[in-house]
Amino acid sequence: AQSVSQHNHHVILSEAASLELGCNYSYGGTVNLFWYVQYPGQHLQLLLKYFSGDPLVKGIKGFEAEFIKSKFSFNLRKPSVQWSDTAEYFCAVTPLLRNNRLAFGKGNQVVVIP
Amino acid sequence: DVKVTQSSRYLVKRTGEKVFLECVQDMDHENMFWYRQDPGLGLRLIYFSYDVKMKEKGDIPEGYSVSREKKERFSLILESASTNQTSMYLCASTSDRYQPQHFGDGTRLSIL
């Protein structure tokens, strides 16, 4: 079945450490790619998105993601995390042939220790 | 700023009840979605609607139905609530596939 995979569901790290969250998808053809974040008690909000062009995209709060088409991946990175980055992170994909439907990964629960 | 409003933040119902979850968006978006969010399972699409009175099944539609009588409002209906429908329900809307989906705060539904 076509899907979106996120690895290492729980991630615990200290402030100032670097963060990388992997996302792989299995849809062929053109896709739109998103990372969403859900801070504790808040609604999901967009972190960044990729539709075309430069495969390295920058989002809010110092996050960036790199689209590697040959690897069907869209990994999220932040060089130095803060306690306020504690949240759940979701990768999402819209395949061209699926209208506006988003397929979500299972999420990464990230805890940053002060 | 886009606002997606879900009618209840918390809801407790009994097994067998008919349950209505309401969602309203204020940005004239054509597309609206209902998801459920469960720990370790991420977000799973229940139903979506791309226009008034139009709907399409998502990945887990069993036990649910939807209604879209007006463009701004999308209702999720649990015909006969069961305990395995205890979950967080999220509504979202978007204008098109090139725009991000905007999410409501969610309704945490408990079925006893």
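Order of the sequence lines fixes the chain letters, A, B, ..., with proteins taken first and strands second; residue numbering starts at 1 for each chain.
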Study note, to complete from the structure: Whatever's closer than 4.5 Å to a heavy atom in chain A on B:R108 counts as neither
Check your understanding: With hydrophobic residues grouped by side-chain heavy-atom distances under 4.5 Å, do A:L21 and A:V57 end up in a single group?
Key -> yes
Check your understanding: Would you say the side chain of B:Q37 lies within less than 4.5 Å of the side chain of A:E88, judging by non-hydrogen atoms?
Key -> yes
Point to revise | Hydrophobic cluster membership, A:Y89 vs A:L48, 4.5 Å side-chain cutoff | key: yes
Review point. So with a 6.0 Å cut-off around CZ of A:R77, is the heavy-atom count from everything else above 12?
Key: yes
Check your understanding: With hydrophobic residues grouped by side-chain heavy-atom distances under 4.5 Å, do A:V4 and A:V110 end up in a single group?
Key -> yes
Exercise for review: Start with the C-alpha distance between B:Q99 and A:K49, add both sets of side-chain angles, then the distance that settles side-chain contact (heavy atoms from CB on, under 4.5 Å), and finish with yes or no.
Suggested key: CA-CA 9 Å; B:Q99 300 303 319; A:K49 61 185 179 183; 4.2 Å; yes
**Study point:** A:R101 side chain near B:D59 side chain, heavy-atom distance below 4.5 Å
**Key:** yes
Practice item. Using non-hydrogen atoms and a 4.5 Å limit, figure out which bit of B:E30 sits close to chain A: side chain, backbone, both or neither. Key: neither
Check your understanding: Which answer fits A:Q38, side chain, backbone, both or neither, if we ask what part of it has an atom under 4.5 Å from a heavy atom of chain B?
Key -> side chain
Review point. Do A:W35 and A:I60 sit in the same hydrophobic cluster, where Ile, Leu, Val, Met, Phe, Trp and Tyr count as joined when their side-chain heavy atoms come under 4.5 Å apart?
Key: yes
Point to revise | A:Q45 versus chain B, the contacting section by heavy-atom distance below 4.5 Å | key: neither
Exercise for review: Under 4.5 Å heavy-atom distance to chain B, tell me which part of A:L46 shows up: side chain, backbone, both or neither.
Suggested key: side chain
Check your understanding: Taking B:G40, B:G104, B:P39, B:G106 one by one, which has the highest count of heavy-atom pairs under 4.5 Å against chain A?
Key -> B:G40
Check your understanding: For the atom pair CZ (A:F104) and CD (B:Q101), what is the distance rounded to the nearest 0.5 Å?
Key -> 6.0 Å
Practice item. Would you kindly confirm whether B:L109 and B:F103 end up in one hydrophobic cluster when ILVMFWY residues are joined by side chain heavy atoms under 4.5 Å apart? Key: no
Point to revise | Rounded distance [0.5 Å steps], CG in A:L44 versus CG in B:L43 | key: 5.5 Å
Exercise for review: Can you measure from CG (A:L102) to OH (B:Y35) and round to the nearest 0.5 angstrom?
Suggested key: 4.5 Å
